[in-house]
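Throughout, protein chains are lettered first and strands after them, A, B, ... in sequence-line order, and every chain is numbered starting at 1.
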Amino acid sequence: MSGFDARMRPLAVRAGLALLLFAVLPAVLAGFDRSYYYQVANLALIFVLLAASLQLVTGVAGLLHLGHAAFYGVGAYAAALLSTELGLGFTVTLPLAGLIAAVIALLVALPTMRLVSIYFAVATLAIGQMLYLVMLNWVGLTKGPNGIVLTRGLELFGFDLSGRLATYYTVAGVVALSLVALGRLSHSYYGNALRSIREDDQCADAMGVRTARLKMEVFTLSAFFAGVAGALWAHMTGYISPGDFDFGESILILAMIVVGGLGSLPGAAIGALVLILLPEVLRDLGDFRNIMVGLVMFGCILFLPKGLMGEVSALRLARQQFGAAWRRTGNGVGIGWR
Amino acid sequence: MNGTHLLEIAGASRRFGGVLAVDRVDAHVDEGELVGLIGPNGAGKTTLFNLISGFTPPSAGTIRFRGRTINGLRPNQVARLGMGRTFQNLRIFPNMSVFDNVSVGAVGTLPQGPFGALFGGRDRARRISERTWAALETAGLTGVADELAANLSYGRRKYLEIARALAMEPAFLILDEPAAGLNDTETADLAAFIRRLHAGGLTIMLVEHDMTLVMGICQRVVVLASGRKIADAPPDAVRRDPGVLEAYLGGDEE
């Protein structure tokens, strides 16, 4: 009997990915033995997690989210402050960073979730900017533009993990676990309920799907994983500042899932790898590399409307979002909110 | 009033601005019935349908389903009480597979929290799969389960919509103009399919603009005209009802 289990990735693919992540890649990194490569690998993994968590909201549930990087920032600041001010270790700061980001997301979701389509997108943009401005201007708490230096190294249950290889393994382990969780959420019956909201939320409602609640849940869950990514970033680099979490980062993460394809978790991972690794590979081109990255994205939209492995085209989603702004429907739906 | 009706509409009205789209309608559906709701264009069929399914709250009157007043409930709450529906202008989820489309009906009527999907939840996934396959089987769609819904023909999409509603395992199924856009052969097939569903024990209400399908298969027909109920009788009696003929012919329909 085929069902959801048969639709999961085959075990061999999963085993192969695990082998690549935990054996082959570390061996290659150790072979090159340059800090720069470790940094790039960790950064790529963190952005894989960010793209995968945004994929759940935007690709699967179809809610255009323009402030994802802010929750990444909340997680990073939470971890950094808990570590420097309270002296808490990584085992505590990591889940707390996720939880704090999730709680803030839930609080902002309560009033905004009734907004539909483009109005929701604008609201997330505003929330992202507000959180960014708090990081920038609440100098008493966040030290403002100076950023925060983390004094304690990475450690797990008393073991020192601040070495390059140990840090890589920590980041890879947390990201892999998070991806398994996100995979279960997005490629399962829960994911199908979310997809039905993306496709036609009124119709989903008539099928018994609690659309308002699901939207809130998925927004909160995605912020949790963004917060976890933020904690990883803070502990990995040892220094954070507001510039890491501005609007540009939100757009970068959005671009990753557009390139990879909306709705697909592997797509999000591949999109993140392309947009993190491409600028690094093209480093020799100097300023031209940004033009090249732009061209890749432009080409993607033109020639691969559904991204590399997406379910819906980004243009369709955008049209749906903007279209609803001036489409009047008779079923008690006012303009802009429900 | 006796509380044994599956669906009971008592004095339901709905006003849109100055227009009284549904005017003090009383009607009921009993368990096991196959009822038709007909009326000329603008008679208020769709509005009454929306009142029943929770898409529009009534301006006055009450609607009871399975002994519960459902006025003001959200559509998803009404759906989870056991009411499945289809849409007049086909609303499938185009970028999802046929299997995934139908599974939404099953998910919608089972507990749907994220933690079941996160931690284990094999049991629930299996239940949803089973319901989905059963619905696909009934609607004859097992062969195209992995096809993208957008690739199905118009006729098959109708069955997809019905299968999705069946996966909810509803106590009551309302079909909004299921024969719209189908040719005579397809309509006959659909009629046979609806009869089979009814024979399987499902209570069904058909909302139709066209009389032929409804007269052919329904046990009882409710006729609306200008928002009012003008007849509620078996098909033969409705066919001879002067008020119904007047409403259909006088409104220069057909």
**Fill in**
Checked B/Gly84, B/Ala79, B/Ala165, B/Gly54 vs chain A; the most non-hydrogen pairs under 4.5 Å come from B/Ala79
**Complete:** Distance col, row A/Asn192:CG vs B/Ser97:OG, nearest 0.5 angstrom, shows 7.0 Å
**Request:** With sequence neighbours excluded, tell me which residues meet side-chain hydrogen bond (donor to acceptor under 3.5 Å, both in side chains) with B/Asp176.
**Result:** none
**Set of residues satisfying salt bridge (Lys or Arg N to Asp or Glu O under 4.0 Å) with respect to B/Glu169, sequence neighbours excluded** = B/Arg131
**Prompt:** In Å, rounded to the nearest 0.5 Å, how long is the span from CZ of B/Arg124 to OH of A/Tyr190?
**Reply:** 11.0 Å
**Prompt:** Quick one: does B/Asn95's side chain have a donor or acceptor within less than 3.5 Å of a partner on A/Val312's backbone?
**Reply:** no
**Message:** What residues of residues 222-229 of chain A make heavy-atom contacts with chain B at a cutoff under 4.5 angstrom?
**Reply:** none
**Asked** More than 12 non-hydrogen atoms from neighbouring residues, nucleotides or ligands closer than 6.0 Å to CZ on B/Arg156, yes or no?
**Response** no
**A/Asp200 versus B/Phe93, closest heavy-atom pair with distance** = O-CE2, 3.8 Å
**Prompt:** Roughly how far, to the nearest 0.5 Å, is the CE atom of A/Met207 from the CZ atom of B/Arg80?
**Reply:** 13.0 Å
**Request:** Carefully, step by step, assess B/Val107 and A/Val209 under the rule side chain to side chain contact (heavy atoms under 4.5 Å, CB included).
**Result:** CA-CA 7 Å; B/Val107 178; A/Val209 176; 5.6 Å; no
**Message:** For a quick check under 3.5 Å, do B/Arg91 and A/Gln202 share a side-chain donor-acceptor pair by atom type?
**Reply:** yes
**Message:** My understanding is that only residues two or more places apart in sequence, or in another chain, count here; which of them pass salt bridge (Lys or Arg N to Asp or Glu O under 4.0 Å) with B/Glu33?
**Reply:** B/Arg220
**Request:** Give a yes or no on whether a salt bridge exists between A/Arg195 and B/Asp100, defined as a side-chain N under 4.0 angstrom from a carboxylate O.
**Result:** no
**Asked** Which answer fits A/Leu194, side chain, backbone, both or neither, if we ask what part of it has an atom under 4.5 Å from a heavy atom of chain B?
**Response** neither
**Message:** Just verifying a value: how many Å separate A/Ser196 OG and B/Ile92 CD1, rounded to the nearest 0.5 Å?
**Reply:** 13.5 Å
**Request:** Show the numbers, then the answer: is there a side chain to side chain contact (heavy atoms under 4.5 Å, CB included) between A/Cys203 and B/Phe87?
**Result:** CA-CA 8 Å; A/Cys203 177; B/Phe87 291 86; 3.5 Å; yes
**Request:** Name the option with the most non-hydrogen atom pairs under 4.5 Å to chain A; the candidates are B/Pro170, B/Pro114, B/Ala167, B/Ser53.
**Result:** B/Pro114
**Message:** If we ignore hydrogens and angles and just use 3.5 Å, is the side chain of A/Glu311 paired with the main-chain N or O of B/Met96 as donor and acceptor?
**Reply:** no
**Item:** Side chain / backbone / both / neither for A/Leu214 at chain B, heavy atoms under 4.5 Å
**Value:** side chain
**Request:** Determine the option with the most heavy-atom pairs under 4.5 angstrom with chain B, choosing from A/Arg198, A/Arg210, A/Glu217.
**Result:** A/Arg210
